[in-house]
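Scope of the values below: all heavy atoms of this structure, side chains included, with no hydrogens, waters or symmetry mates. Residue numbering restarts at 1 for every chain, and letters A, B, ... go by the order of the sequence lines.
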Amino acid sequence: MGAQLKLYNTATRVVTDFKPLQPGKVGIYLCGATVQAPPHIGHVRSGINFDILRRWLVASGYEVTFIRNVTDIEDKILHKAAHENLPWWAVAQKYERAFTEAYAALNVLPPTCEPRATGHITQMIELMQLLIDNGSAYAPGNGDVYLEVRKLNSYLTLSNQKLDDLQPAEDADLTYKKDPRDFALWKAAKPGDPSWPTPWGAGRPGWHLECSAMAHAYLGESFDIHGGGLDLIFPHHENEIAQSVSAGWGFANIWMHNAWVTTSGEKMSKSLGNSLQVTEILKQVRGIELRWYLGSAHYRSMLEFSFEALEEAAVNFRRIEGFLKRATDLLGSTPDGIIPPGFAEAMNEDLAVPAALAVIAEILRNGNTALSANDKAGVRTAASQIRGALTILGCDPFDSNFTSAEKSDEKVLDGLVSLALEQRAAARARKDFAAADEIRDQIAVLGVVIEDTAQGTRWSIG
RNA sequence: GGUCGGAUGGCCGAGAGGCGAGGCUCAGGACUGCAAAUCCUGCUACACGGGUUCAAAUCCCGUUCCGACCUCCA
């Protein structure tokens, strides 16, 4: 690829050259879902942003190990279980499945491994033992285990805060904690709660421990990239760093955080209701169109959601898709994907997708011009470049993830529409335009749109 | 109170000292039996007030407004 990939590192607040720890290999840990509700478009934006990063790294020749965890034990899941009158594990599984389906609908590649917190209690206990043995953590005897933040050599380096500036938690209970800011690695079991036995008593994991334990299990003591949403910087990622560094691990080299999907300028909250759930949006646009929309803003920019912008993005995407389909008709085969140089340049600049989209727009214009001129070589080049670019963005219309469902009925439909088009062609040939337009109008009512082109009449549903 | 972002044309959305990003909408034109699609042309914007500079949307100082995080969060 030639050019050097640069990435923004939250830890240093600057864009720097990406240098993998091992040549040719990249390890990524992405904080995935806490499975306590169906995914909304903000959740999947994170998945899409990091999926684009992953695809770009792979296209750039790296061997990528991509870990995205599932947090399947946590306070909210227990609350939800009580509320829905289901076992906690049924709640976790139900929403994990909802996330999996949403990711699939949006063509987010499955991770190399998708570890669950509850499957890594052993690793968590080992980590706690290590931290207690080296004096970083303490078990006050009630079943809890805490990390002692005052003993850390450095803390809050990602969020750049001072320990003394933190507002102490209102419910800080100093019965067991040495300092109100000490955070729980492990929570003692309450009656009726799920629990796992440990040397310090039965209980369940604190929020942060699982990511340190699982990142270590799959990526080792040091790895390249750790990602997640902006809101995870503090406390989640700070505490992951605290745990992992206290264990003597190097942990993540680069920290990347995606910005919000906002509504009315504000972060989407989980109390917002169902309207922005992925399944709801997918009733209005196709998965590939929603992905195009969510992926089109720079990952560090807020994306202000509106149905108008979503629709605009969908129309914009259909224009590109239309070109690829017309190009395929002309060429007689689907074009192979190649990466356009300008696109690569943009992606190497901290995944500058908007700049990359400008490159696609220019190629599209050239491609359409070539199409009008019946310039097959020009069409092939443009179509290949656009397909290559779309593949990186996860929006290749020829991707079987998007096309497989539609294939079966197509032959029958094509035959029927062709019959109507033959009638219309005959009417046009004898200059009976009233009859020809009548046919066009009638099938338009059924949702079939006709375009007369130099290569003949095309039809599409839309 | 502490920390961190943001404000760009009718709309969406990049850029981060000097060559009009791009898309959508709109207006005009080409092509077309008409339509659609496509292409061409047009629409010179950076919250406010100072400053630095030959040159500021971009850097500095101040102001206003919006938002995020401070132990539930993508």
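When the P atom is compared between B:rC65 and B:rG28, the two are found 43 Å apart, to the nearest whole Å. Taking the C1' atoms as reference points, B:rC60 lies 15 Å from B:rA16, given to the whole Å. Between B:rA35 and B:rG20, the distance separating the two P atoms is 36 Å to the nearest Å. Across the C1' atoms, B:rG1 and B:rU58 are found 31 Å apart, a figure rounded to whole Å. Using atom C1' as the reference point in both B:rU53 and B:rU41, the two lie 37 Å apart (nearest Å). Rounded to a whole angstrom, the distance from the P atom of B:rC39 to that of B:rA57 is 32 Å. Using C1' as the reference atom, B:rC54 and B:rG2 are 42 Å apart when rounded to the nearest Å. Here the separation of B:rG10 from B:rU44, taken at their C1' atoms, is 15 Å to the nearest Å.
A:E312 contributes a side-chain N or O that forms a donor-acceptor pair with the base of B:rG23 under 3.5 Å. The base of B:rG33 is paired with the side chain of A:R428 by a donor and an acceptor separated by under 3.5 Å.
Per the geometry, CZ belonging to A:F343 stands 18 Å off P belonging to B:rG22, to the nearest Å. To the nearest angstrom, C1' of B:rU71 lies 9 Å from NZ of A:K187. What separates CD of A:E311 from C1' of B:rG23 is a distance of 15 Å, to the nearest Å. Whole-Å rounding puts the A:L158 CG to B:rC70 C1' distance at 14 Å. A straight line from CG of A:D350 to C1' of B:rG15 spans 13 Å, rounded to a whole angstrom. Summarising the geometry, the separation between CG on A:N316 and P on B:rC24 is reported as 6 Å, rounded to the nearest angstrom. Straight-line distance from the CE atom of A:M347 to the P atom of B:rG22: 20 Å, rounded to whole Å.
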Between the protein and nucleotides 1-4 of chain B, list every N/O to N/O distance that falls short of 3.5 Å.
unit_1: B:rG1; atom_1: N1; unit_2: A:Q167; atom_2: NE2; d: 3.2
unit_1: B:rG1; atom_1: N2; unit_2: A:D165; atom_2: O; d: 3.3
unit_1: B:rG2; atom_1: O2'; unit_2: A:D165; atom_2: OD2; d: 2.7
unit_1: B:rG2; atom_1: N2; unit_2: A:Q161; atom_2: OE1; d: 2.9
unit_1: B:rU3; atom_1: O2'; unit_2: A:S159; atom_2: O; d: 2.5
unit_1: B:rC4; atom_1: OP1; unit_2: A:N160; atom_2: ND2; d: 3.0

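When distances run from any side-chain atom of A:H40 to the nucleotides B:rA14, B:rA74, B:rU71, the shortest one goes to B:rA74. Among the nucleotides B:rA74, B:rG22, B:rG13, the one closest to the side chain of A:L232 is B:rA74. The side chain of A:A297 has B:rA14 as its nearest neighbour among B:rC72, B:rA14, B:rC69. Nearest nucleotide to the side chain of A:R424, out of B:rA74, B:rC70, B:rC34: B:rC34.
Within the 4.0 Å cut-off from OP1 or OP2 of B:rA74, at least one side-chain nitrogen or oxygen of A:T34 is found. Dashed line: the shortest gap from a side-chain N or O of A:S306 to OP1 or OP2 of B:rC12 is not under 4.0 Å.
At a non-hydrogen distance threshold of 4.0 Å, A:F433, A:D437, A:R440 from residues 429-442 of chain A come into contact with RNA chain B.
Here A:E311 pairs with A:R318 in a salt bridge; the nearest charged N to carboxylate O distance falls below 4.0 Å. Salt bridge A:D51/A:R291: present, at least one basic N to carboxylate O contact under 4.0 Å. Comment: A:E210 does not engage A:R204 in a salt bridge, judged by the lack of any side-chain N to carboxylate O separation of less than 4.0 angstrom.
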Between protein and nucleotides 36-44 of chain B, map the contacts as a letter string: B base, S sugar-phosphate only, - none, heavy atoms under 4.0 Å, written 5' to 3'. BSSSS----

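Between A:N239 and A:Y299, the one whose closest nucleotide on RNA chain B sits nearer the 5' end is A:Y299. Positionally, the nearest nucleotide of RNA chain B for A:E304 lies more toward the 5' end than for the other of A:E304 and A:V315.
Interatomic distance, A:E96 CD to A:T71 OG1, rounded to the nearest 0.5 Å: 10.5 Å. A:I67 contributes atom CD1, which lies 11.5 Å from atom NE2 of A:H226 (distance to the nearest 0.5 angstrom). Here the OH atom belonging to A:Y155 is positioned 7.0 Å from the CG atom belonging to A:L163, to the nearest 0.5 angstrom.
In summary, the aromatic rings of A:H237 and A:H257 are positioned with their centroids under 6.0 Å apart. Between A:Y293 and A:F317, the ring center distance fails the sub-6.0 Å criterion.
Side-chain contact of A:Q161 with A:S159: a donor-acceptor pair under 3.5 Å is present, judged by distance alone. A donor and an acceptor atom, one from each side chain of A:W200 and A:N142, are nowhere located under 3.5 Å apart.
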May I have the step-by-step check of ring pair (Phe, Tyr, Trp, His ring centres under 6.0 Å) for A:Y29 and A:F66, ending in yes or no? CA-CA 6 Å; A:Y29 186 94; A:F66 190 95; 9.3 Å; no

Pair pattern of RNA chain B in dot-bracket, where unpaired bases get dots and | marks partners in another strand, Watson-Crick or G-U under 3.5 angstrom: (((((((..(((.....[...))).(((((.......)))))....(((((..]....))))))))))))....

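At most 12 heavy atoms of other shown residues, nucleotides or ligands fall within 6.0 angstrom of atom OH in A:Y176.
A:R68 forms a cation-pi arrangement with A:Y103, by the criterion of a distance under 6.0 Å to the ring centre and an angle within 45° of the ring axis.
A:H120 pairs by the ring-ring contact (aromatic ring centres under 6.0 Å, His included) definition with A:Y218, not counting sequence neighbours.
Between A:I254 and A:D224, the closest side-chain pair of non-hydrogen atoms is not below 4.5 Å.
Listed by first then second residue, pairs satisfying salt bridge (charged side-chain N to carboxylate O under 4.0 Å, His left out) with a partner in residues 143-159 of chain A read A:E148-A:K151, A:E148-A:K178, A:R150-A:D164, A:R150-A:D179, not counting sequence neighbours.
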